[in-house]
Novice: 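Please see the structure below; I have some questions.
The figures here come from the full heavy-atom set of this structure, side chains too, leaving out hydrogens, waters and symmetry mates.
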Amino acid sequence: MSTRARRVAVLGALLGVFASAYLLIDYVWGSGICLTGSGCDTVRLSAFAYPLGIPMPLLGLGYYAAAAIFIGLAPGSLDDRPRAALLAAWSAVGVLVMGALTVIEVTVIHALCSWCLLSAVASLLLAGGAFAGWLTRPKDPTSGLSARSRRHAQEARQAADRSVRRFSLVTAWLLAVAFAGLVIAPALAGQDSGSVDVAASGRPTLGNGPVPVVVFSDFQCPGCAQAAPSLSELATSGRVTLTYRFFPLTRIHANARASALAALAAWRQDRFWQFHDALFARQQAWANLPPAGAHDVFRRIAADIGLDVARWQADAAAPDQAAVVDADVQAAIGLELPGTPIIFIDGRRYAGRLDFASLSAAVASAP
């Protein structure tokens, strides 16, 4: 197996380890943040993310790690034709699986996870290197050589092995640095950089506690649905006053703006938080529908919580409602918020997990 083919294969394997490890952290601990231009959270919360109850990235991590160990730590073993064929077959399985998952994301989930796409690219690199090495590998590269030539061939093979090992180590180190940066950067970005004025009059509030909490949220964001019950529980505990601000990510969530306007219209009948809870509870029912279908779900919610539906429909189309959403979006852009949900506790951006215990601890430590 040529040195170039081995390097391509090991690059694919290590890149797959990198992507799978980052996705696994998000699956297990979950930042819960919908980033603008990404469908990762939608894919993570789909029925295809946990085959047999196992996080899909864990399966990917095991698959790519096995290939990386096989190629990087024992590259000389690939000079054995059956082992090279085994690696080629192993890589083919990865291409088939990633191809099937990509088709499912496009046709069933209707969202593309950028990290899944990176893993698909990794599988193609792994397969390309593996098949190139297998197809070009002669049965016996030392056949017909003299003893001296065989010795030189052996030395050349050992030099190639060392080259592949160095390439593997350098690539692994660079990807490890990038991985650490991706994991640490969000926490650093959320470190206390002073209080920020994020309050806004004329927005829905819940609770009357002493600690102000503001959430920039998108009703179609799975992470927002994850955070909503914990935030509501905090507000009803009497410890915080929760303010909801609208940040529909229309680039990735087709029904986000319509759901925001629908909730605002419910607020005019003093039912914002009931509508808020229902939108998140039924998110899977309307998130991927065409606009007319989503509106039908919103109308059923309005009827279920006792709104005057005709008035609600008129209010949802009112220009001043759109102005409220637009003002919040501009405020979010001005604050350079990367996505949703973004939570501010006493004017300071929160960067922890979205469960009640973590949020409650952050509230308790607020100045």
Novice: Grab the two heavy atoms, one from Ala9 and one from Ala130, that are nearest each other, plus how far apart they are.
Specialist: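 For Ala9 versus Ala130, the nearest heavy atoms are CB-N, 4.0 Å.
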Novice: Can a donor-acceptor pair be found, under 3.5 Å and without considering hydrogens, that links the side chain of Ser365 to the backbone of Ala362?
Specialist: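 Yes, Ser365 side chain to Ala362 backbone: donor-acceptor pair under 3.5 Å.
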Novice: Can you check whether Ala120's main-chain N or O pairs, donor with acceptor, with Ser123's side chain at less than 3.5 Å?
Specialist: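 The answer is yes, because a donor-acceptor pair under 3.5 Å joins these two groups.
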Novice: Taking the six-membered ring where the residue is Trp, are the ring centres of Tyr244 and Phe272 under 6.0 Å apart?
Specialist: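 Close enough - the centres of the two rings lie under 6.0 Å apart.
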Novice: With salt bridge (Lys or Arg N to Asp or Glu O under 4.0 Å) as the test, would you mind laying out the steps for Asp277 and Arg282 before giving the verdict?
Specialist: CA-CA 9 Å; Asp277 293 346; Arg282 304 186 199 180; over 6 Å; no
Novice: Okay, side chain of Tyr64, backbone of Leu59: is any donor-acceptor separation there less than 3.5 Å?
Specialist: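 Answer holds: no.
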Novice: Less than 4.5 Å apart, any side-chain heavy atom of Leu264 and any of Val324?
Specialist: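 A side-chain contact exists here, since the closest heavy-atom pair is under 4.5 Å.
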Novice: Counting only heavy atoms not in Asn208 (residues, nucleotides, ligands), do more than 12 fall under 6.0 Å from its CG?
Specialist: no
Novice: Under 3.5 Å, side chain of Gln321 to main-chain N/O of Ala316, donor-acceptor pair present?
Specialist: no
Novice: Do Tyr22 and Val121 belong together in a cluster built from hydrophobic side chains that touch within less than 4.5 Å?
Specialist: yes
Novice: For Ser91 and Ala88, indicate whether the former's side chain and the latter's backbone hold a donor-acceptor pair under 3.5 Å.
Specialist: yes
Novice: Looking at Val297 and Ala285, what are the two nearest heavy atoms and their distance?
Specialist: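 Closest pair (atom of Val297, atom of Ala285, distance): CG2-O, 4.2 Å.
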Novice: Looking only at non-hydrogen atoms, find the nearest pair between Ala318 and Arg268 and report the distance.
Specialist: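 Closest approach of Ala318 to Arg268: CB-NH1, 4.2 Å.
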Novice: Indicate, with yes or no, if Leu101 and Val108 share a hydrophobic cluster defined by side-chain heavy-atom contacts under 4.5 Å among Ile, Leu, Val, Met, Phe, Trp and Tyr.
Specialist: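 Per the 4.5 Å side-chain linkage, Val108 and Leu101 are co-clustered.
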Novice: According to a hydrophobic-cluster definition based on side-chain heavy atoms being under 4.5 Å apart (Ile, Leu, Val, Met, Phe, Trp, Tyr only), do Val177 and Trp115 belong together?
Specialist: no
Novice: side-chain contact (heavy atoms from CB on, under 4.5 Å), that's the test. Do Tyr350 and Val213 meet it? Break it down for me.
Specialist: CA-CA 10 Å; Tyr350 172 73; Val213 174; over 6 Å; no
Novice: Calculate, to the nearest 0.5 Å, the distance between atoms CZ and CG belonging to Phe247 and Leu335 respectively.
Specialist: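 If I round to the nearest 0.5 Å, the distance is 9.5 Å.
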Novice: Are the side chains of Phe167 and Val10 in touch, meaning some heavy atoms are under 4.5 Å apart?
Specialist: yes
Novice: Are the side chains of Thr102 and Leu117 in contact, using a 4.5 Å heavy-atom criterion?
Specialist: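 The answer is yes, as the side chains (C-beta and beyond) meet within the 4.5 Å cut-off.
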Novice: Passes side-chain contact (heavy atoms from CB on, under 4.5 Å), Phe275 versus Trp312? Steps please.
Specialist: CA-CA 11 Å; Phe275 205 93; Trp312 167 81; 3.9 Å; yes
Novice: Tell me which pairs pass ring-ring contact (aromatic ring centres under 6.0 Å, His included) where either residue lies in residues 84-106, with sequence neighbours left out.
Specialist: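 Checked against ring-ring contact (aromatic ring centres under 6.0 Å, His included) - neighbours excluded - the pairs reaching residues 84-106 are Tyr63-Trp90.
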Novice: Is any side-chain heavy atom of Asn255 less than 4.5 Å from a side-chain heavy atom of Trp286?
Specialist: yes
Novice: How many angstroms lie between atom CG of Leu234 and atom CG of Leu206, to the nearest 0.5 angstrom?
Specialist: 10.0 Å
Novice: Are the side chain of Ser360 and the backbone N or O of Ala357 linked by a donor-acceptor pair below 3.5 Å?
Specialist: no
Novice: If you round to the nearest 0.5 Å, how far is CD of Gln283 from SG of Cys221?
Specialist: 7.0 Å
Novice: Which pair of heavy atoms, one from Cys113 and one from Leu23, lies closest together, and at what distance?
Specialist: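 Looking at all heavy atoms of both residues, the closest pair is SG-CD2, 4.1 Å.
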Novice: Find the distance between CZ (Phe216) and CG (Leu249) and round it off to the nearest 0.5 Å.
Specialist: 12.0 Å
Novice: Quick one: does Thr243's side chain have a donor or acceptor within less than 3.5 Å of a partner on Val214's backbone?
Specialist: no
Novice: With the side chain counted from C-beta on, respond yes when Arg245 and Val215 share a heavy-atom pair under 4.5 Å apart, and no when they do not.
Specialist: no
Novice: Show your reasoning for whether side-chain contact (heavy atoms from CB on, under 4.5 Å) applies to Ile345 and Val211.
Specialist: CA-CA 7 Å; Ile345 298 176; Val211 180; 3.9 Å; yes
Novice: To the nearest 0.5 angstrom, please state how far the NE2 atom of His276 sits from the OG atom of Ser259.
Specialist: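 The NE2 atom of His276 sits 11.0 Å away from the OG atom of Ser259.
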Novice: Among all residues two or more places apart in sequence or in another chain, which pass the side chain to side chain contact (heavy atoms under 4.5 Å, CB included) test with Leu15?
Specialist: Phe18, Leu118, Ala122, Leu125, Leu175
Novice: Output side-chain donor-acceptor pairs under 3.5 Å for residues 93-100, partner residues at least two apart or in another chain, one line each.
Specialist:
none

Novice: Where is the tightest heavy-atom contact between Phe280 and Asp218, given as atom of each residue plus distance?
Specialist: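 Of all heavy-atom pairs spanning Phe280 and Asp218, the closest is CE2-O, 3.8 Å.
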Novice: CZ of Arg6 to CG of Leu87: how many Å apart, nearest 0.5 Å?
Specialist: 11.0 Å
Novice: Return yes if a side-chain donor-acceptor contact under 3.5 Å exists between Thr171 and Arg7, otherwise no.
Specialist: no
Novice: Of all heavy-atom pairs between Thr205 and Trp273, which one has the smallest distance, and what is that distance?
Specialist: O-NE1, 2.8 Å
Novice: Report yes if some heavy atom in the side chain of Gln220 is under 4.5 Å from a heavy atom in the side chain of Pro248; otherwise report no.
Specialist: no
Novice: Are Leu279 and Leu289 linked, directly or through intermediate hydrophobic residues, by side-chain heavy-atom contacts shorter than 4.5 Å (ILVMFWY only)?
Specialist: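 Yes, because Leu289 and Leu279 connect within a single hydrophobic cluster, where side-chain heavy atoms sit under 4.5 Å apart.
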Novice: Does the side-chain contact (heavy atoms from CB on, under 4.5 Å) test come out yes or no for Ser217 and Thr340, once each step is laid out?
Specialist: CA-CA 5 Å; Ser217 184; Thr340 55; 5.5 Å; no
Novice: Would Arg257 and Asp326 pass as an ion pair if we require N to O under 4.0 Å?
Specialist: yes
Novice: Tell me if a side-chain donor or acceptor on Gln269 pairs with a main-chain N or O of Asp308 at a distance below 3.5 Å.
Specialist: yes
Novice: Are Leu359 and Ile343 close enough that some pair of their side-chain heavy atoms sits under 4.5 Å apart?
Specialist: yes
Novice: Do the side chains of Ser230 and Leu354 get nearer than 4.5 Å, heavy atoms only?
Specialist: no
Novice: Are the charged groups of Asp304 and Arg300 less than 4.0 angstrom apart, N to O?
Specialist: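 Salt bridge between Asp304 and Arg300, a charged N being under 4.0 Å from a carboxylate O: no.
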Novice: Do the side chains of Trp173 and Phe179 join up, straight or via other hydrophobic residues, at under 4.5 Å, putting them in one cluster?
Specialist: no
